[in-house]
Amino acid sequence: MTVLVERSGNFSAWRFSVAPMMDWTDRHCRAFHRTLSAHALLYTEMVTTGAVLHGPRDRLIGFDAAEHPVAIQLGGSDPADLAAAARIAQDFGYREVNLNVGCPSDRVQDGRFGACLMREPALVGECVAAMKAAVSVPVTVKCRIGVDDQEPEAALDALTASVRAAGVDALVVHARKAWLKGLSPKENRDVPPLDYGRVHRLKAANPDLPVALNGGLQDLATATAELAPRDGIALDGVMLGRAAYAEPALLLGVDPVLFGEPAPVADPFAAIEAYEPYIVARLQEGLRLHAMTRHMLGLFNGRPGARPYRRHLSVAGTRPDAGLHTLREAVALVSREPASAAA
């Protein structure tokens, strides 16, 4: 798979990124997304420090160099463990190490990491300082604007002050509170109201700190609008999560809209052709087709034939004998004309 691996122009490294998403942004998803955008910054799923230090590293954090630029997101709250995990990640070739201070699940609360760390800004600062001392790549934090009954102005300012003092390279802010009691992780992605203004105020108060916005951004038009300067100061980037995963074709607009360069491929059909060598290589290693095609189900949304395509991959694509021919059979069910032209 031939891709560009470096950004051009004077853009922030965080101008556009795809959010780390558990069970979704694995290495196969990232390899597919890279066929759609050469410049989007891609993140791993969150991986705990314990898994990095003691688990099967090649399986958990190994990746293909063609995924670059790619960052790893770590979950943890012990500065020494985070420093050690960050060194390992840098040795694996990651371009950035990100600390999760935003996940609201019970599991991460029990482990004293994720969004509950919004209540311990001093500890987050210690974690960032330890990682900064351990690696030369950027160290960033992804956080919420607060948790539970915290007041977002004070909570986010306290966290920012602490990590700034520790030398953090950028903040990615999910512009919602997280309710650690009473809401599920899924509800925490939708129920707490968005407050983009709070993130813009944070940037205005910290003009020299790269700040990217995450949360509720459904398309490139909405995301681009949030990058427009307010009172002369602009956010440094936007991060899309579920929208980019569910409608991956929107990533075809990232390079032309946000980086002034053509997309790597002309359309979703060409993206699949570009991804085929990766699929073949993984199949030869014994991987099942569905491990890769599950990330592609929404690629043709809005085109005639999109539903049969999804159905074929969801049924035939999960069979033990599924192969490249199965994917091509599914693609053949999709009209080459956009929905508007075929109507």
Side-chain angles (χ1 to χ4, degrees), residues 19-26 43-55 57 60-61 71-90 92 94 96-135 137-150 152 155-156 158-174 176-189 192 212 214-215 239 241:
M21 293 175 280
M22 293 299 293
D23 299 320
W24 287 2
T25 52
D26 62 19
Y43 283 82
T44 68
E45 306 166 86
M46 182 189 70
V47 57
T48 66
T49 53
V52 174
L53 297 178
H54 308 296
R57 292 173 190 165
L60 291 172
I61 65 172
I72 189 170
Q73 186 182 66
L74 297 177
S77 59
D78 180 271
D81 285 351
L82 282 164
R87 279 193 294 270
I88 291 168
Q90 178 174 264
F92 263 72
Y94 285 99
E96 173 190 327
V97 179
N98 177 268
L99 177 62
N100 185 317
V101 188
C103 181
S105 76
D106 292 339
R107 182 171 72 88
V108 300
Q109 292 181 59
D110 291 342
R112 197 190 175 197
F113 59 95
C116 63
L117 289 176
M118 291 293 301
R119 297 197 185 107
E120 300 186 75
L123 175 59
V124 177
E126 292 174 17
C127 292
V128 170
M131 289 189 288
K132 286 289 295 181
V135 299
V137 297
V139 173
T140 65
V141 168
K142 186 173 188 291
C143 65
R144 295 282 183 133
I145 61 174
V147 296
D148 296 338
D149 294 324
Q150 282 187 322
L156 189 55
L159 182 79
T160 302
S162 182
V163 298
R164 285 208 67 170
V168 76
D169 291 286
L171 276 181
V172 181
V173 186
H174 186 153
R176 307 179 196 267
K177 273 189 173 184
W179 288 96
L180 303 181
K181 301 298 181 183
L183 292 181
S184 69
K186 181 178 184 300
E187 290 170 327
N188 262 299
R189 294 193 293 266
N214 172 236
M239 172 184 279

Exercise for review: Look up atom OG1 in T25 and atom CD in Q73, then write down how far apart they are to the nearest 0.5 Å.
Suggested key: 8.5 Å

**Study point:** L82 CG to F113 CZ distance, which is reported to the nearest 0.5 Å
**Key:** 10.0 Å

If we ignore hydrogens and angles and just use 3.5 Å, is the side chain of [X] paired with the main-chain N or O of [Y] as donor and acceptor?
| X | Y | value |
| --- | --- | --- |
| R176 | P192 | yes |
| D169 | V139 | yes |
| T49 | A85 | no |
| N214 | V172 | no |
| D148 | L180 | yes |
| Q90 | V135 | no |
| Y94 | I61 | yes |
| R144 | H174 | no |

Review point. Side chain to side chain donor-acceptor pair (under 3.5 Å) with E120: which residues, sequence neighbours excluded?
Key: R112

Exercise for review: Could I get the full list of side-chain contact (heavy atoms from CB on, under 4.5 Å) partners for A158, not counting sequence neighbours?
Suggested key: P121

Practice item. Please determine which of Q150, R164, M118, R119 meets the side chain to side chain contact (heavy atoms under 4.5 Å, CB included) test together with L159. Key: M118

Which atom names give the shortest non-hydrogen contact between [X] and [Y], and what distance separates them?
| X | Y | value |
| --- | --- | --- |
| E45 | D23 | OE1-N, 2.6 Å |
| G241 | A19 | CA-CB, 3.8 Å |
| V124 | V163 | CG1-CG1, 3.6 Å |
| L99 | C127 | CD2-CB, 4.0 Å |
| P79 | A130 | O-CB, 3.4 Å |
| S162 | A122 | OG-CA, 3.7 Å |

Hey, does [Y] have a side-chain heavy atom less than 4.5 Å from the side chain of [X]?
| X | Y | value |
| --- | --- | --- |
| L60 | V52 | no |
| L74 | T48 | no |
| S77 | L123 | yes |
| K177 | V147 | no |
| T44 | P20 | no |
| Y43 | K142 | no |

Practice item. For T140 and N98, test the side chains for any donor-to-acceptor distance below 3.5 angstrom and give the result as yes or no. Key: yes

